[in-house]
Amino acid sequence: MDPDLLNTLKDAVHVVTLRDSGNIDSRTKISELGLNSTTLTELIGILEKNFSIRINNKETALLNNVGDLLSLVRNRIPSGNRFPGSECLAGNNANHRYGISGNGACCDIAQFPEVKKLDRRLDEFDRVGVKNPYFEVHDSIARNRTSIGGVEMLNFSSYNYLGFSGHPKVMEAAKDAIDRYGTSVSASRLVSGERPIHRKLEKALADHVGVADAVVFVSGHATNVTTIGHLFDHNDLILHDSLSHDSIVQGIYLSGAKRKSYLHNNMDHLENLLERVRDQYRRVLICSEGLFSMDGDICNLPRLVEIKKRFHCNLIIDEAHSIGVLGPGGRGVSHHFPGIDQKDVDIWMGTLSKSFAGCGGYIAGSESLVRYLKFTAPGFLFSVGMSPPIAAAALASLQLMQQHPEIVERLRERSRLFLDLAHKRGIDTGNSVGIAVVPAIIGDSMKCVRVSRALAARQINVQPIIHPAVEENAARLRFFISATHSEDEIRHGVNALAEELNR
Ligand SMILES: Cc1ncc(COP(=O)(O)O)c(C=O)c1O
């Protein structure tokens, strides 16, 4: 028995079950590990990732005890490459194990199994005779309306919630910033990329959220990855909502912390997990979104804050879809709930690509947090500063949002109208509260694609979200509402959807 391999397995079992895995040995039956089908898949996924191997479902089904699983893993990995991260060269017989031939086929990327799998998925569109709905080219500003291939469409597929992308004041600010500073700052801000517009934007964001300071990053996705990946490590546990965005999950992987998801928005589950394991970890981070991007429901922030205080955890709230959308003047989810102190959330994260009509992300919080990230987070330190027109567009959007709270109100009114009409027409909108994001759950990926194509033929643009992005029975069309939609456009969109669903 290879003790390192066994320890890795014990660790992985602990991560997915959060149970004590110290007593596991090679004779322990797989059925005694306390796994269900989801956690078994998670466990196999961790082993696959750790050892860069593949284990298929049939092999998993044949496993009787831990010894079988360890042998399977041991035989699958090339000797000498057992523990990724440690420096090692492949062992003597690695070539033999992979049967590498002289023709170099193993380095033909087109033949990688994962690449071929994607090709098969894309071919499926041709096979069932529907046009691939992805990478549609828009040839105009995408607000309530857009133009695709020269055809004007009613648009429900952009995060331009407040219509600020394409707003004359925002475009003017971006053009003015180009005239002053050019299109790129051409260096990391730490060395010579700092421009006045950066700090102006960061101070304004911090005030808007209600905390001491903020720092902006050039990508929203990278904001989560680098922040979570940098602040936590293998001594820590990260508990995240099961519907968390990929950027949160990638940040957790990068950190090396133990990870466990809690049931979507289920605070009792979160509390229960913490009761069982809080004292086994140095730090525990809880991750949630403010307004969930897939389902359009809102996190239970008062309970998150109460739980994080009681169990001495850190809390990050991703406001990608709630900043500019919830709270008076779009100040976000903490202003949506009465009585929340913004400082009770350690890390406020948001993106600039949605209500702020730009691109990139921010972290807002205490001065110490922001200073630490600015001097040490790799995704900030070793990346170029935000380009001047983007920073200026985001700042102008923020100012518009504050000067015109009625635009935020209009977004909510239009969204509510969409939800009410959808309910009247018997459309399943899942958990959506009817603010900015309203899914129409169809539960069949190909039907989703067909309905989206049928709507496109009626000049209505809405994207399908299909398996594997969501479970097959949760496949959906996701409608993003904008303050620029007129009431008539909302009515037209819902009526057309209901007609196509009933066809
Ligand atoms: C919840 C959430 N967080 C982070 C991101 C990443 O932001 P960006 O697309 O601006 O990189 C997204 C993107 O849609 C998101 O929905």
Side-chain angles (χ1 to χ4, degrees), residues 134-135 138 142 156-162 164-165 201 205 209 214-229 238 240-254 261 264-265 285-299 301 304 315-326 330 332-334 336 345 347-364 373 377 379-380 383-384 386-387 389-391 393-394 397-398 430-433 435-439 462-465 469-470 476 478-482:
Y134 303 114
F135 292 98
H138 294 238
F156 289 105
S157 278
S158 300
Y159 309 124
N160 195 1
Y161 293 131
L162 301 176
F164 292 158
S165 176
L201 172 62
L205 281 166
V209 174
V215 50
V216 293
F217 299 77
V218 290
S219 143
H221 190 279
T223 303
N224 271 332
V225 175
T226 203
T227 302
I228 298 173
I238 305 188
H240 65 93
D241 190 284
S242 59
L243 291 189
S244 289
H245 189 260
D246 177 78
S247 51
I248 293 176
V249 179
Q250 297 297 333
I252 299 172
Y253 284 146
L254 179 65
S261 63
H264 175 53
N265 240 346
L285 174 69
I286 303 169
C287 310
S288 177
E289 291 175 32
L291 178 78
F292 285 92
S293 63
M294 255 325 157
D295 282 33
D297 52 345
I298 300 175
C299 73
L301 189 57
L304 281 167
L315 176 60
I316 180 170
I317 300 290
D318 178 334
E319 290 228 82
H321 298 267
S322 48
I323 196 82
V325 168
L326 295 181
V333 66
S334 68
H336 168 85
V345 174
I347 310 171
W348 287 105
M349 182 272 171
T351 57
L352 301 178
S353 56
K354 297 168 175 80
S355 294
F356 293 105
C359 178
Y362 67 83
I363 294 291
L373 292 176
F380 181 82
S383 193
V384 71
M386 179 167 284
S387 90
I390 297 296
S397 297
L398 180 51
N431 296 328
S432 174
V433 295
I435 305 183
V437 182
V438 185
V462 59
Q463 283 297 299
I465 310 285
V470 289
R476 63 198 54 200
R478 195 165 46 149
F479 288 79
F480 293 112
I481 317 301
S482 165

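In listed order, ligands and their atoms are each counted from 1.
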**OP:** Kindly tell me which protein residues have any non-hydrogen atom under 4.0 angstrom away from an atom of ligand 1, grouped by chain and ordered by number?
**Re:** Tyr159, Gly220, His221, His245, Ser247, Glu289, Ser293, Asp318, Ala320, His321, Thr351, Ser353, Lys354
Subject >> Heavy-atom check, side chain of Cys299 versus side chain of Asn265, under 4.5 Å >> reply: yes
Original post:
Side chains of Gln250 and Ser247: do they bring a donor and an acceptor to under 3.5 Å?
Top reply: no
Subject >> Spatial distance of atom CD1 (Ile435) from atom OG (Ser322) [nearest 0.5 Å] >> reply: 10.0 Å
Subject >> Donor-acceptor side-chain pairing of His264 and Asp295 below 3.5 angstrom >> reply: no
Original post:
For the residue pair His221 and His245, does the interplanar ring angle fall in the parallel (under 30°), tilted (30 to 60°) or perpendicular (over 60°) class?
Top reply: perpendicular
Original post:
What residues, two or more places apart in sequence or in another chain, satisfy side chain to side chain donor-acceptor pair (under 3.5 Å) together with Gln463?
Top reply: none
